[in-house]
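Naming: A, B, ... by sequence-line order, numbering from 1 per chain. We use all heavy atoms of the structure for the numbers below, so side chains are in, but hydrogens, waters and symmetry mates are not.
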Amino acid sequence: MTDSVSLKLGWSPRINPHFRLQWEEAQQAKVLLYPEGMIKLNSSSGEILSLCDGDTTIQDIIDELKRIFPKEETLEQDVLEFLSVAFERRWLIHD
Amino acid sequence: MTNPPFWLLAELTYRCPLQCPYCSNPIEIAQIDKELDTETWVRVMTEARGLGAVQLGFSGGEPLVREDLTDLVAEGRRLGYYTNLITSGIGLNADKVAALKQAGLDHIQVSFQASTEELNDLIAGSGKAFAQKVAMAKEIKRLGYPMVLNFVLHRQNIEQVAQILQLAAELQADYVELANTQYYGWAFHNRAALLPSLQQLLDAEVVVQAYREKFGERMKIIFVVPDYYENRPKRCMNGWGNIFLTVAPDGTALPCHSARQLPLEFPNVRDWNIGHIWRDSPSFNAFRGDSWMREPCRTCAEKDKDLGGCRCQAFMLTGDPTNADPVCAKSPHRQLINDAIEQAQQVAENTQPLRFRNWRNSKELIASSE
C-alpha cells in the first residue's frame, strides 16, 4: 500500500528525519538506515538523495544532475520517477 | 567468503523489572552473572563496526537499568551505527528520553503486553506498567524519534488485535510489530497457555489486513506468524552466522539470542575479538553452508530457501540440532508440532498457569533440569 504522490518541481525535498543517509564502506554504497533495517542504494539513487538537502528544488536537482551527466538522455524522467517512489516510501518529505 | 555481520544485538543485562512469561532470554538467567563493563562493550561495538555491522540494538533484559546506556549510545552513534533501543519503557522518563536523543539515539522500540491496562499488567507481572508505557510512547514521539511498538501476541491477547492497532494508531506509531510468540526459552515452558488456536490466528490476520489498507505507509504493520502454523520452516536469522551477532550480558557471543541452549561451545568476547568470533570460531561456522544437513534437508529442493529452518527448534524438539526444523511438513518429527497445535484447539480456557520470568522460577527450572 502506498500513497500516490504528484511531484511539483518547486518542492525542496529533504530526507525524512526517520531515515539516515550515509556511505557504508562495507557495502561500498550509500544506504538509507531506518529502525532495524537498511536500504542499499545504487549509485544514481544515492546521488539524487544526496542532493535532497531541503533547500534545493526538484528543478535545481535535475539541472545539477544534467550538468554532471550531460549524456544521460532520459535523466529528467528517471529522476522524477525515482523521486516519486522516494516520496511514496516516505524516504523524502518537503515543506 | 563470510558476509560481514549486519546486526549487533547488545544484550546489556538480563535484569528486568518485568516478568513476561514469553521472554526470549534463556531460562538460566539466574546463573548468568558478571555483566560486561563499559570498556568491553565499547571494544565489541568498535570491532563489529569495523567488520561492517551497521544496525546496533541495545536490548536485555531491560537495557535502561545499565547506568552507562547513554554513554554506549553516544559511542555507537559516533562509530556510525544506526542505534536502536529496545525497551519495556519501564525506567524511562522525559529527561532520559531527551538525554538519549542528545547522545544520538536513532530509534526507540517500546514493547507492550496488551492494549488494556488490566491484561498488560497481568502479563507483564507488574502493576503499573501500562500507564508508564503510554506516557513514554507520547514522549518519544514528541521528541521526533521514529517509534516502533512491539506487541507479542499469544492466545490471551490475540483477540484484541483491533484494539492493539487502534492504540498504536493513537500513539502515532510509525511501525507496529505484531510478533506472535516464538516458542523458545520461557515461552516454550508456557506454550500450552500461549499458543493460539488456528481460528484465533485467522481472525487476527483479517483484522491486520484491514488496518494495513487503512494506514498504508503511515503506520507499517509487521505481522510475524507463529511458525507452528506453517508447513515450511522459517529462514531462521536469515542464516546461521550470516547477518546477526548477539552478545549476551556475560560476553557470550551467539548467532542468535536463543542459541545458548545448543550443545556447542560459544566464544566469549572477553577472550576473543569479534573478527575471530565471526569468521573463525567453530560454533559460528557450525551451521553455515549446507554440509551439516541431514535428510530430508540434504536433498531438498528448497534447502537454499529456508536453510533447514531453526537449529534451536530442531534441538529443543528432537534433541539434535542438525535435524530438520520439525515445523517442516517433510520432517519425520512434524507430529510434535501437530500435537501442540491440537492441544491449542482443544483448550478453551487456559488451564496451565503462566510461569513468569523471574529469578525464583529460573532457579527452580534449573534445579528441575539437573
Side-chain angles (χ1 to χ4, degrees), chain A residues 1-8 11-50 52-55 58 79-95, chain B residues 2-9 48-57 59 77 79-86 101 104-110 140-141 143-150 172-177 179 209-222 238 243-244:
Chain A
M1 285 299 298
T2 51
D3 309 320
S4 68
V5 175
S6 42
L7 299 180
K8 296 202 168 52
W11 286 357
S12 298
R14 59 191 163 95
I15 306 289
N16 181 339
H18 287 186
F19 290 87
R20 203 165 92 211
L21 177 68
Q22 71 183 30
W23 170 259
E24 271 303 297
E25 195 61 32
Q27 307 291 335
Q28 286 295 303
K30 284 190 176 165
V31 299
L32 272 179
L33 300 171
Y34 60 97
E36 304 182 13
M38 176 176 83
I39 297 150
K40 185 173 171 178
L41 300 165
N42 63 28
S43 61
S44 54
S45 306
E47 196 84 41
I48 297 167
L49 287 182
S50 299
C52 296
D53 57 8
D55 291 325
I58 292 177
V79 172
L80 289 173
E81 271 174 24
F82 172 76
L83 288 175
S84 178
V85 170
F87 272 104
E88 275 173 24
R89 296 187 184 167
R90 306 200 159 212
W91 301 345
L92 291 175
I93 55 174
H94 69 93
D95 292 322
Chain B
T2 309
N3 285 339
F6 169 64
W7 250 107
L8 171 61
L9 183 68
R49 180 73 183 133
L51 294 183
V54 62
Q55 287 283 345
L56 172 61
S59 167
R77 179 60 191 265
L79 289 164
Y81 282 107
Y82 191 90
T83 50
N84 304 271
L85 174 63
I86 298 153
K101 184 86 182 169
L105 183 63
D106 290 294
H107 148 236
I108 302 181
Q109 173 181 313
V110 184
I140 288 163
K141 285 301 292 185
L143 286 186
Y145 285 101
M147 181 171 74
V148 177
L149 297 185
N150 176 285
Q172 300 179 305
D174 299 287
Y175 305 81
V176 187
E177 276 179 20
Q209 193 49 39
Y211 272 83
R212 278 199 178 127
E213 282 165 21
K214 187 167 160 192
F215 286 100
E217 296 283 309
R218 274 175 297 154
M219 181 171 87
K220 292 198 175 176
I221 304 171
I222 299 136
N238 206 24
I243 60 170
F244 203 88

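Between chain A and the options Met147(B), Gln109(B), Arg49(B), the largest number of non-hydrogen pairs under 4.5 Å is found for Arg49(B). Here Val54(B) is the residue among Val148(B), Ile108(B), Ile86(B), Val54(B) with the most heavy-atom pairs under 4.5 Å with chain A.
Interface with chain B: from residues 23-32 of chain A, residues Glu24(A), Ala26(A) qualify, criterion being any non-hydrogen pair under 4.5 Å.
Between Lys220(B) and Arg90(A), every side-chain heavy-atom pair lies at or beyond the 4.5 Å cut-off. Within the 4.5 Å cutoff, the side chain of Tyr34(A) has no heavy atoms near those of the Pro146(B) side chain. Leu33(A) places none of its side-chain heavy atoms less than 4.5 Å from the side chain of Asp106(B).
The backbone N or O of Glu217(B) lies less than 3.5 Å from no partner atom in the side chain of Arg89(A), so there is not a single donor-acceptor pair.
At a 4.5 Å heavy-atom cutoff, the contact between Phe6(B) and chain A is made by side-chain atoms alone. Both the backbone and the side chain of Tyr82(B) come within less than 4.5 Å of a heavy atom in chain A.
The salt bridge (Lys or Arg N to Asp or Glu O under 4.0 Å) search around Asp55(A) returns none, not counting sequence neighbours.
Closest of all the heavy-atom pairs between Asn84(B) and Glu36(A) is OD1-N, 3.3 Å.
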